Amino acid sequence: SSGINAEYGTKNMKLDEDVDLEVVAKDTHGHVGADLASLCSEAALQQIREKMQLIDLEDDTIDVEVLNSLAVTMENFRYAMGQSNPSALRETVVETPTVTWEDIGGLAGVKRELRNLYSTRWNTRRNSLSSACNPPKVSYSTDLLVVVKPY
């Protein structure tokens with residue numbers, strides 16, 4: 001489960017009163033700790049970008065009034081979430097095999113057993129489902145068996 005701990009990424013960050021960390025936590029599924037730290041940094045940088053016209057880049061210091069006006073908003077977090085890519089979900093790859101029964105040499109008995117098992121399970125499952133339920137999404141042919149949703 002993912003979430004932002006107020007002591008973690010926002011510890012030294014001034015937050016606007018509209019920031020709801022519970023909402024941010026719910027919207028950061030798949031984010032790991034480093035992702036959350038990056039998200040908080042990006043939200044803070046976005047707030048600074050919005051206030052750049054108030055900062056004198058020629059000056060060595062930043063006016064106290066400008067610093068006090070910097071508060072990360074919920075909109076800054078939304079922007080940062082739009083820029084982030086959760087690490088825990090990055091490695092999700094769906095692969096459709098191109099192997100057919102003809103590619104598998106021999107094993108006629110095993111192939112027959114798999115076909116019978118699939119056919120029996122599908123018929124039993126289909127007969128037991130009420131009309132209100134949706135059956136699992138399955139694609140079947142004599143050349144290839146692909147189960148999209150497991151039983």
Side-chain angles (χ1 to χ4, degrees), residues 1-104 114-115 117-119 121-151:
S1 109
S2 171
I4 291 185
N5 179 336
E7 297 297 318
Y8 181 69
T10 60
K11 182 177 181 182
N12 297 318
M13 184 183 293
K14 184 177 176 186
L15 300 176
D16 191 72
E17 59 190 39
D18 76 333
V19 174
D20 185 349
L21 291 178
E22 292 294 322
V23 171
V24 175
K26 288 177 186 171
D27 292 343
T28 54
H29 171 72
H31 289 68
V32 298
D35 297 333
L36 296 174
S38 176
L39 180 83
C40 292
S41 294
E42 183 59 37
L45 286 171
Q46 183 59 21
Q47 176 58 211
I48 292 169
R49 285 184 207 109
E50 290 174 4
K51 303 285 184 172
M52 280 303 286
Q53 73 275 9
L54 301 176
I55 299 172
D56 182 6
L57 297 177
E58 303 284 323
D59 203 352
D60 290 338
T61 61
I62 298 175
D63 191 28
V64 174
E65 290 174 13
V66 174
L67 283 176
N68 288 337
S69 74
L70 293 174
V72 178
T73 65
M74 195 65 185
E75 191 55 41
N76 297 143
F77 274 108
R78 284 190 195 99
Y79 173 83
M81 283 186 267
Q83 304 300 308
S84 70
N85 187 9
S87 295
L89 303 179
R90 266 186 223 145
E91 298 301 319
T92 304
V93 177
V94 177
E95 198 173 302
T96 304
T98 58
V99 178
T100 65
W101 287 115
E102 288 74 32
D103 294 333
I104 304 171
L114 282 172
R115 285 186 181 124
L117 175 65
Y118 170 76
S119 179
R121 284 192 93 180
W122 173 246
N123 289 332
T124 302
R125 179 103 168 138
R126 185 177 50 189
N127 292 337
S128 68
L129 292 172
S130 70
S131 61
C133 295
N134 293 325
K137 295 177 182 174
V138 176
S139 173
Y140 175 73
S141 74
T142 56
D143 294 328
L144 180 63
L145 170 67
V146 177
V147 177
V148 179
K149 181 178 175 186
Y151 289 110

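Every value quoted in this text rests on a predicted model; they were computed, and no experiment measured them. What you see below is based on every heavy atom in this structure, not just the backbone, and it leaves out hydrogens, waters and symmetry mates. We count residues from 1, following the sequence as given.
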Colleague: Could you measure the distance from the CD1 atom of Ile48 to the CG atom of Leu54? Nearest 0.5 Å is fine.
Modeller: 12.0 Å

Colleague: To the nearest 0.5 Å, what is the distance between CG (Asn85) and NE2 (His31)?
Modeller: 8.0 Å

Colleague: More than 12 heavy atoms of other residues, nucleotides or ligands under 6.0 Å from CD of Gln53: is that the case?
Modeller: yes

Colleague: Heavy atoms only: give me the nearest Ala80-Ala43 pair and the separation to one decimal.
Modeller: CB-N, 3.7 Å

Colleague: Does any non-hydrogen side-chain atom of Leu39 lie less than 4.5 Å from one of Met81?
Modeller: yes

Colleague: Are side-chain heavy atoms of Met74 and Val23 found at a separation under 4.5 Å?
Modeller: yes

Colleague: Are any non-hydrogen side-chain atoms of Leu36 and Thr28 less than 4.5 angstrom apart?
Modeller: yes

Colleague: Test of understanding: with side chain to side chain contact (heavy atoms under 4.5 Å, CB included), list the residues that count as partners of Asp60, not counting sequence neighbours.
Modeller: none

Colleague: Hey, is the main chain of Ala34 close enough, under 3.5 Å, to the side chain of Ser38 for a donor-acceptor pair?
Modeller: no

Colleague: State, with a plain yes or no, whether a side-chain heavy atom of Phe77 is found less than 4.5 Å away from one of Leu15.
Modeller: yes

Colleague: Would you say the side chain of Met13 lies within less than 4.5 Å of the side chain of Cys40, judging by non-hydrogen atoms?
Modeller: yes

Colleague: Just verifying a value: how many Å separate Glu42 CD and Leu45 CG, rounded to the nearest 0.5 Å?
Modeller: 5.5 Å

Colleague: Write down the atom of Ala71, the atom of Asp16, and the distance for their closest heavy-atom approach.
Modeller: CB-N, 3.9 Å

Colleague: Show the nearest heavy-atom pair for residues Gly30 and Asp35, with the distance to one decimal.
Modeller: O-OD2, 3.9 Å

Colleague: Dump the intermediate steps for side-chain hydrogen bond (donor to acceptor under 3.5 Å, both in side chains) on Asn76 and Glu50, then the final yes or no.
Modeller: CA-CA 9 Å; Asn76 297 143; Glu50 290 174 4; 3.0 Å; yes

Colleague: To the nearest 0.5 angstrom, please state how far the OG1 atom of Thr73 sits from the CD atom of Gln46.
Modeller: 8.5 Å

